[in-house]
Amino acid sequence: MDTIALVGNPNSGKTTLFNAITGSNQHVGNWPGVTVEKKEGKVKYNNKEYNIVDLPGTYSLGAFSEDEIVARDFILKGNPDVVINVIDATNIERNLYLTAQLIEMGTKVVLALNMMDEAKAKNIEIDLDKLSKELGVPIVATIASKKQGIQDLLKSATEYINYEKMIKPFTYTERIKNELESIMPLLSDSEYIYPKNWLAIKILEKDKEIINYIDKNGTENLKNKVNEIQSIDSDLELEIIDNRYNFVGDILSHSVKRPAEDQLSLTDKIDKIVTDKFWGIPIFGLIMFIVFQLTFTIGEGFLGGLVEGLIGTLGKYVEEVLLNISAPTLLTSFIIDGIFGGVGAVLVFVPLIVVLYFFLGILEDTGYMARAAYVMDGIMRKLGLHGKTFISMIIGFGCNVPGIMATRTLENKKDRMIAILINPFMSCGARIPIYMLFIAAFFPNNGGLVLFSLYLLGIIMALVVGKIFSKTLFKGESSDFIMELPPYRLPSITSVLRNMWDKVWDFLHRAGTVIFVVVSLLWVLSILPYGVEPSSQGSYLGKIGTVVAPIFKPAGFGSWQAAVSLFSGIAAKEAVVGVLGMVYAAGSSDPSALAVELQSIFTPLTAVSFMVMVLFYTPCAATIATVKKETNSYKWAIFISIYTFIIGWISAVLVYQVGTLLGF
Amino acid sequence: MENLYIEQSSLSSLKKGECGKICGISAGCNSRSRLCELGLNKGVLVKIVKNDIGPLILNIQGHKLAIGKGLASKIIIER
Ligand SMILES: Nc1nc2c(ncn2[C@@H]2O[C@H](COP(=O)(O)OP(=O)(O)OP(=O)(O)O)[C@@H](O)[C@H]2O)c(=O)[nH]1
Ligand SMILES: [Mg+2]
């Protein structure tokens with residue numbers, strides 16, 4: 001099957017285009033660095049199936065960060081049959097720099113001139129025919145967000161696969177040409193994983209990574225040559241860059257007309273306020289507060305009862321049916337305690353999750369994310385962290401797995417490691433059901449405030465721990481802040497709903513798989529040995545819980561049930577609620593019974609210390625696995641599991657002990 | 001003879017609203033390539049949108065780029 005890769009600068013609309021072509025549901029957002037992994041999809045065109053690959057954005061083929069490396073490696077080593085280079089038409093000069101490199105490499109490129117709607121609004125005139133002729137590549141105008149130009153693009157790309165390349169030879173200056181000619185023969189003695197013409201250019205550009213690579217894999221002759229090039233301080237790399245820009249600039253001067261600088265755009269006006277030196281941070285705090293407050297008000301207040309009522313009614317009905325057919329007690333217990341009490345307790349929170357992801361989606365789609373990173377950079381830098389870390393933290397509010405993935409855009413290894421290790425303190429959506437349960441039982445009137453305080457506490461802990469790490473484990477300068485601030489865009493409702501549905505589906509899926517399995521397993525343990533009172537301390541589950549429970553005694557929740565629920569939460573955080581629902585509300589299918597039950601077991605103070613524990617302690621298995629994958633080391637996966645537990649425990653104990661002293 | 005007083009300074013010394021043309025970058029090889037590929041190459045006209053606390057915000061042909069002070073001080077411009 002032929003492969004078509006989507007390549008381009010960050011935020012140029014690759015994923016939007018990918019979704020439009022393949023009908024997929026990949027994450028789109030209005031800031032650079034949304035996609036950090038390779039994603040594949042399929043499309044049928046003219047009765048032939050094609051493999052479409054969406055890649056992270058990159059400014060050049062000389063990758064600086066992990067996500068850019070993914071893109072570069074696929075272009076250079078993945079052998080795509082044709083590359084669709086997605087260009088932001090409003091920023092064509094800079095975007096064509098990458099195109100120049102692709103052409104330079106001899107890649108088969110088709111340009112998708114995207115965001116034509118915005119280019120038009122800005123009165124940028126582009127002569128497509130002329131541009132296409134001079135660049136020597138086919139060009140198709142597209143508006144990915146409105147699915148315009150998709151068919152033409154597919155036609156162009158698929159036809160181009162079978163064409164001989166019609167590359168206009170990329171011309172180098174004499175000096176570069178000579179240098180290249182002196183390197184190429186030295187490369188021919190050996191095999192390399194990268195194309196040789198690209199290696200030669202990168203050597204001349206003194207690309208650190210490639211020079212290291214040659215050091216390891218090159219022949220002696222080549223190494224000598226590389227050393228020689230490095231030792232002379234010629235501005236060769238600048239000449240190469242200029243060469244590309246000149247190539248682009250020449251062509252653009254014939255084919256693109258831009259109006260003179262216009263007045264303040266809406267984006268400028270908004271930025272004036274949200275990036276203000278005094279108001280920037282308060283505004284950021286306010287926005288986050290509004291998001292969580294709205295989530296709480298709408299998700300709990302308006303929609304909260306919805307699923308709860310549904311599950312309650314359904315539960316009663318099933319209970320009656322089971323009674324009527326005089327089903328075996330074991331089956332009844334499993335269905336009522338395990339499914340309704342356990343999994344049902346988790347499902348009750350679907351509306352809340354829906355609303356949270358809806359608002360986070362809007363936040364991501366407007367363009368504010370990049371501004372959040374910008375305004376936070378000041379504080380972050382004082383703590384030895386990078387401003388971009390904040391983007392991964394905000395994504396972590398949804399789920400820590402993509403949050404940790406998002407750290408790929410951090411160029412500096414040290415910045416990235418810290419960002420990974422502090423991400424779990426960002427309270428993810430899966431932890432909300434736990435808070436909500438305790439809020440319903442103990443703080444029904446101040447729910448929004450409690451929720452926001454927990455989030456804030458998470459951020460503060462992340463920053464404090466980040467500071468400690470930057471002073472101890474990961475010393476050194478953090479890299480310079482450099483980031484595009486995209487224009488604000490009206491969130492597209494389809495894309496917000498799509499992102500939201502994706503996350504909600506994940507939640508439902510987890511409820512049906514991990515949570516179901518955990519609850520079922522624990523249910524079995526709760527009725528054994530045979531004949532024991534279900535979920536009593538005498539059951540196996542009770543016995544296991546009793547062994548570990550004492551460690552939580554200083555934190556005020558030393559019951560075996562609490563201990564068991566916390567440990568099962570490591571499988572997936574919602575399991576805490578599932579397990580509490582199963583063991584505490586045994587014998588009842590009504591989800592609201594659990595809150596009532598909790599009131600007799602916890603006090604407001606132990607509820608708080610329990611929530612603090614939940615906020616900080618060991619991340620879920622999926623997050624730990626992601627840490628392993630992203631750091632490529634078991635060491636860090638184990639480290640993060642343990643250190644967060646210790647922090648959680650200490651904090652919970654502090655809350656309980658200080659609270660007790662103060663008389664709560 | 002109006003080019004008599006070409007004044008060179010670093011980008012970070014410009015104030016809000018001022019413009020300058022990039023004429024060099026005195027940073028290491030890698031930072032230099034990074035800046036260039038982000039559109040801050042020689043000959044490009046930049047306008048300062050913001051330069052108080054935190055990173056600078058630049059306007060390059062209608063596009064906004066935020067860039068840390070340290071890096072900005074290594075970009076030499078003429079006006
Ligand atoms: N006006 C307009 N907006 C678009 C168009 N195509 C994409 N967008 C918007 O541009 C933003 C970026 O889109 P993405 O598809 O996430 O961009 P990307 O290239 O995948 O970005 P990265 O994954 O970060 O590299 C989103 O807010 C889209 O809604 C278009 O043709 N016109
Ligand atoms: Mg993308």
Side-chain angles (χ1 to χ4, degrees), chain A residues 9 58-62 64 88 90-95 97-98 101 122 124 205-209 230 235 237-238 240-242 244-246 249 258 261-262 265 267-268 271-272 275-278 280 370-371 373-379 381 387 411 477 479-487, chain B residues 10-79:
Chain A
N9 282 187
T58 181
Y59 293 104
S60 76
L61 293 181
F64 285 84
D88 174 354
T90 65
N91 197 2
I92 191 164
E93 293 81 359
R94 209 230 15 238
N95 276 248
Y97 182 74
L98 176 65
Q101 286 183 305
K122 283 185 153 184
I124 301 172
E205 285 186 79
K206 301 177 192 154
D207 183 287
K208 269 200 197 116
E209 202 196 323
Q230 273 190 292
D235 274 348
E237 70 277 5
L238 279 188
I240 293 174
I241 293 168
D242 277 345
R244 287 184 198 129
Y245 269 116
N246 290 340
R258 250 178 201 286
E261 184 81 38
D262 39 333
S265 62
T267 293
D268 295 323
D271 271 348
K272 228 183 188 148
T275 63
D276 185 87
K277 65 175 162 181
F278 299 118
R371 276 74 183 183
Y374 173 86
V375 294
M376 291 307 291
D377 188 64
I379 296 185
R381 205 149 287 268
E411 288 163 30
E477 279 295 293
S479 64
D480 293 287
F481 188 84
I482 184 156
M483 186 173 198
E484 266 190 279
L485 305 179
Chain B
S10 85
L11 187 61
S12 58
S13 68
L14 291 192
K15 292 193 188 54
K16 181 181 164 179
E18 292 183 323
C19 289
K21 192 176 182 182
I22 297 176
C23 62
I25 296 167
S26 64
C29 190
N30 272 358
S31 309
R32 196 153 59 178
S33 319
R34 185 61 167 174
L35 289 171
C36 285
E37 65 189 43
L38 276 159
L40 288 169
N41 54 315
K42 230 159 78 186
V44 166
L45 205 63
V46 294
K47 186 173 165 190
I48 309 286
V49 177
K50 178 173 184 270
N51 183 8
D52 38 43
I53 57 163
L56 279 74
I57 299 181
L58 313 176
N59 182 328
I60 311 161
Q61 286 181 328
H63 276 261
K64 290 190 164 176
L65 188 71
I67 170 176
K69 279 237 166 67
L71 206 51
S73 66
K74 295 174 185 157
I75 300 175
I76 304 157
I77 50 108
E78 55 187 32
R79 37 182 162 173

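Convention: sequence-line order gives letters A, B, ...; per-chain numbering from 1.
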Pair Glu411(A)-Arg34(B), side chain to side chain contact (heavy atoms under 4.5 Å, CB included): steps then yes or no: CA-CA 11 Å; Glu411(A) 288 163 30; Arg34(B) 185 61 167 174; 3.1 Å; yes
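At a 4.5 Å heavy-atom cutoff, the contact between Asp377(A) and chain B is made by side-chain atoms alone. Residue Arg258(A) touches chain B through its side chain alone, counting heavy-atom pairs closer than 4.5 Å. Of the atoms belonging to Ser479(A), not a single heavy atom falls under 4.5 Å from chain B. Interface residue Tyr59(A): backbone and side-chain heavy atoms are both found under 4.5 Å from chain B.
The environment of Lys69(B) atom NZ is dense: over 12 non-hydrogen atoms of other residues, nucleotides or ligands sit within 6.0 angstrom. By the 6.0 Å contact criterion, CD on Glu18(B) is enclosed, its count of non-hydrogen atoms from other residues, nucleotides or ligands being greater than 12.
Here CG of Leu71(B) is found 5.5 Å from CD1 of Ile482(A). Values are rounded to the nearest 0.5 Å. The distance from the CD1 atom of Ile25(B) to the CD1 atom of Ile241(A) is 8.0 Å, given to the nearest 0.5 Å. Remark: Tyr374(A) OH to Ile57(B) CD1 distance equals 4.0 Å, nearest 0.5 Å. Taking NZ of Lys16(B) as the start and NZ of Lys272(A) as the end, the distance is 4.5 Å to the nearest 0.5 Å.
Contact check on Lys64(B) versus Asp268(A) returns a salt bridge, with a Lys/Arg side-chain nitrogen under 4.0 Å from an Asp/Glu carboxylate oxygen.
Side chains of His63(B) and Arg94(A) form no contact here, defined as non-hydrogen atoms less than 4.5 Å apart.
Looking only at heavy-atom pairs under 4.5 Å with chain A, the residue among Ile53(B), Leu38(B), Ile67(B) that has the most is Leu38(B). With respect to chain A, the highest number of heavy-atom pairs below 4.5 Å among Gly39(B), Ser31(B), Gly54(B) belongs to Gly39(B). Ranked by heavy-atom pairs shorter than 4.5 Å toward chain B, the options Leu98(A), Asp207(A), Asp88(A), Leu238(A) are led by Leu238(A). Contacts with chain B were tallied for Asp242(A), Thr90(A), Leu485(A); Leu485(A) has the most, counting heavy-atom pairs under 4.5 Å.
Closest of all the heavy-atom pairs between Gly62(B) and Lys122(A) is O-NZ, 3.6 Å.
One N or O on the side chain of Lys50(B) and one on the backbone of Thr275(A) form a donor-acceptor pair closer than 3.5 Å. Between the side chain of Tyr245(A) and the main chain of Lys42(B), no donor-acceptor pair closer than 3.5 Å is present.
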